There are 2 protein chains.
Amino acid sequence: MRFLHTADWHLGKKLNGFDLAADQWTMFRQIESVALTEKVDALVLAGDLFDRAVPSEATVDQLKKMLAQLNLVDQLPILAISGNHDSAPRLGMASAWYRAHGLYLVTEFAQAFEPIVIGDTQFFLLPYFTLQAARNYFADEQLRDLNQVMAKVVATMQAQFAPGKHHVLVAHFFAAGSQRTPASETMIEVGGLAAVDVTLLAPFDYVALGHLHNPQALKTKWVKYSGSPLKLSASEATMTKGVRLVDLTTDEVRWQPLPQHPDLVKVTGSFAELTAPEQVAVVDRENYYLLTLTDQNEIPDVMAKLREFYPRILSLHFTRQLNQPVVQTMHNLTEKSPLEQLAAFYEQTTGQPLTARQQKWAAEGLAKIKGEDDATTQA
Amino acid sequence: MRFLHTADWHLGKKLNGFDLAADQWTMFRQIESVALTEKVDALVLAGDLFDRAVPSEATVDQLKKMLAQLNLVDQLPILAISGNHDSAPRLGMASAWYRAHGLYLVTEFAQAFEPIVIGDTQFFLLPYFTLQAARNYFADEQLRDLNQVMAKVVATMQAQFAPGKHHVLVAHFFAAGSQRTPASETMIEVGGLAAVDVTLLAPFDYVALGHLHNPQALKTKWVKYSGSPLKLSASEATMTKGVRLVDLTTDEVRWQPLPQHPDLVKVTGSFAELTAPEQVAVVDRENYYLLTLTDQNEIPDVMAKLREFYPRILSLHFTRQLNQPVVQTMHNLTEKSPLEQLAAFYEQTTGQPLTARQQKWAAEGLAKIKGEDDATTQA
């Protein structure tokens, strides 16, 4: 048994307003190409197929075309589960009909205990679930946390292990030992305990996880996140993205990176550096940019100017330090003269005090405004 | 070929806040029972499976269970199309996988021209469509209205008629000669012309329509609406509901009524009549009621009192006439004394003038209030 392990496609996802549909088609073609080139026996898709419970009609159509291509055209068996971003009833509407074609899409907890047998391997497909769903299934209201549940889940599955077969678990949760990706995932809402202890998963030959977008989140060899095949948030900018190729016969798990284009790129420098001709010449205008400016001075209309060279800016930050929190200054506002307030604001914003010349200009300007104000009051 | 023709299930529909899910299960069991008893070769479902484009998860689950029962358990071929209430991409997500099981669900205009052959019959499944979809398909921006489109559609289908086979069209639109149901359907939005001329449909042996909820809407023998199998609005209270059984071999079209329970019932009478013990004794508390009261007098808290005996009231009307529109009186308000205003309001509301005794009470009450007002003003 050789299979491709992927997860967290998040179809329908938007990155700061940028539609990722075209990028997700690119990602899909890469995954399909790897699957066909490597002649895998099956493709595992470990949850979060969609980015939201009710995806748009266009996104529904996109998943339809992707699954049809892999399953009906390429004739590849697919082992998929719903993740916390998916609506299980909506995604699972046609599960019973998919099976005849070798598309196994499990969205209900109870179905996790009916192994799918392909060749020499039993696959157990455990969708994202709530603690209450597990309590109902086991008729045990005493189940307090995710580890208690998983101990029971694994024991129930083990009772169905066929000797001489490989045993693979496909699941979508947060496993202990993994590092949480800060921006893209909410904690799994199962009981008080948030993470599954990886030692509970020891009976399986391989555990194909979805949920965390970082493929390096777990160090264990046989319990792995594939990560999302596409960078989906700023916190994923420096991650390598790809899929895993699992060969149960040779005991080999291979990481297959997927080149990102467009890529999500962090660039730090001064405005002059970022807009210098030699830099601009090598900018890939398709990429998404997370820009950090090191300038100390205010640059008027900076976003519009940068967009000339970086059309897809996701965020713009500044390295300059504020001298003190704004809220603190606000309390002292009434105790300061307009010139003092202006000087403090300038220093806070730029990190540098007003020069003597700027002070002179500011004093003159303020005096002029005050004169006009007084005139208005008298009129 | 013998098939059952139904349409307009409108799963997820609420009637004035009442959830119809349980009634739709009853309806489904009846239809399934007819299909099995009559040993039909197929079931035709002519659009509006759902009541809305994005049904709830529970409603998605309901359709899944109904289709699974008919198609996977009862092994009945199903010929279905999307209606104007359905979202074609959402409903059609799994169409390609359904086919292997004999569940033919067509949601795209282009698929209408690939006939489904079951036994001796070619079925053409034409989903609800927009004029623009037809223009795109025929690459003809000159198509101005629904009849022009349907002439082309029928000609294109006819070119594929296999000799010796029966030819059935399944469609979801408003056909000429039919009477519109006032409350439940919006006009079909195809071009300026709203209705298809039934004479265009002559080449078919039978046309199984959905859209209108009245099964008697068309007088033609071979072009028929099945109507909705459940009463779905006040305007359908007096309709007979059911399904059609079509036998192409014997040239027979049979109407099979489906008893409605709970039923949607109109009752007219005075409050005393509607709440009389002999009437209350025969009220079916499960039914939905459209009540009309003939009383001339105001009945305080009338809705709560009626609900004791009729728990599921959809609407309450009064036969009494208002003497003049309220808005007209409002203009005259400032020209009238408080007693005149009160008398006019009473007469408008009850249809009868104040009695001498009521006038005396009212005058005394108003005088008392005025005294209190004056005292307040002085304080």
Side-chain angles (χ1 to χ4, degrees), chain A residues 9 11-12 21 49-50 52-80 82 84-111 127-130 132-133, chain B residues 9 11-12 21 49-50 52-80 82 84-111 127-130 132-133:
Chain A
W9 287 9
L11 300 183
L49 284 66
F50 288 127
R52 58 177 80 179
V54 184
S56 72
E57 292 187 341
T59 303
V60 169
D61 194 61
Q62 189 177 30
L63 181 62
K64 176 185 81 174
K65 288 182 171 134
M66 290 176 173
L67 293 180
Q69 178 64 31
L70 289 175
N71 181 242
L72 301 179
V73 179
D74 301 333
Q75 297 279 315
L76 199 62
I78 298 175
L79 301 135
S82 48
N84 54 311
H85 279 252
D86 302 305
S87 157
R90 294 181 200 285
L91 189 64
M93 159 92 197
S95 288
W97 288 268
Y98 289 144
R99 294 203 153 213
H101 295 269
L103 168 48
Y104 304 93
L105 171 56
V106 171
T107 59
E108 294 172 26
F109 187 75
Q111 298 171 336
Y128 172 80
F129 61 93
T130 62
Q132 195 53 51
Chain B
W9 287 8
L11 300 182
L49 284 64
F50 287 127
R52 57 176 79 179
V54 183
S56 72
E57 291 187 342
T59 303
V60 169
D61 194 61
Q62 188 177 31
L63 181 63
K64 176 185 82 174
K65 288 182 171 134
M66 288 176 174
L67 293 180
Q69 178 63 31
L70 288 176
N71 182 242
L72 300 179
V73 179
D74 301 334
Q75 297 279 315
L76 199 62
I78 297 176
L79 301 135
S82 48
N84 54 310
H85 279 252
D86 302 305
S87 156
R90 294 181 200 284
L91 189 64
M93 159 93 197
S95 288
W97 288 268
Y98 289 145
R99 295 203 153 214
H101 295 269
L103 167 48
Y104 303 93
L105 171 56
V106 171
T107 60
E108 294 173 24
F109 186 76
Q111 298 171 335
Y128 171 79
F129 61 94
T130 62
Q132 195 53 51

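Each chain gets a letter, A, B and so on, in the order its sequence line appears, and its residues count up from 1. Being a predicted model, the structure only gives us computed values, none of them experimental.
Proximity to chain A (any heavy atom under 4.5 Å) is restricted, for B:Ser56, to the backbone atoms N, CA, C and O. For a residue to count as touching a neighbouring chain, one of its non-hydrogen atoms must lie under 4.5 Å from one of that chain's; by this rule B:Leu103 touches chain A with the side chain only.
Between the CZ atom in B:Arg90 and the CZ atom in A:Arg90 there is a gap of 7.5 Å [rounded to 0.5 Å]. A distance of 7.0 Å separates CD of A:Glu108 from CG of B:Asp61, quoted to the nearest 0.5 Å.
When each of B:Ala53, B:Ser95, B:Gly92, B:Pro55 is checked for heavy-atom pairs under 4.5 Å with chain A, B:Pro55 comes out on top.
The nearest pair of heavy atoms linking A:Pro89 to B:Val60 is O-CG1, 3.5 Å. Nearest heavy atoms, B:Ala100 versus A:His101: CB-NE2, 3.3 Å. Between A:Lys64 and B:Trp97, the closest heavy-atom pair is O-CH2, 3.8 Å.
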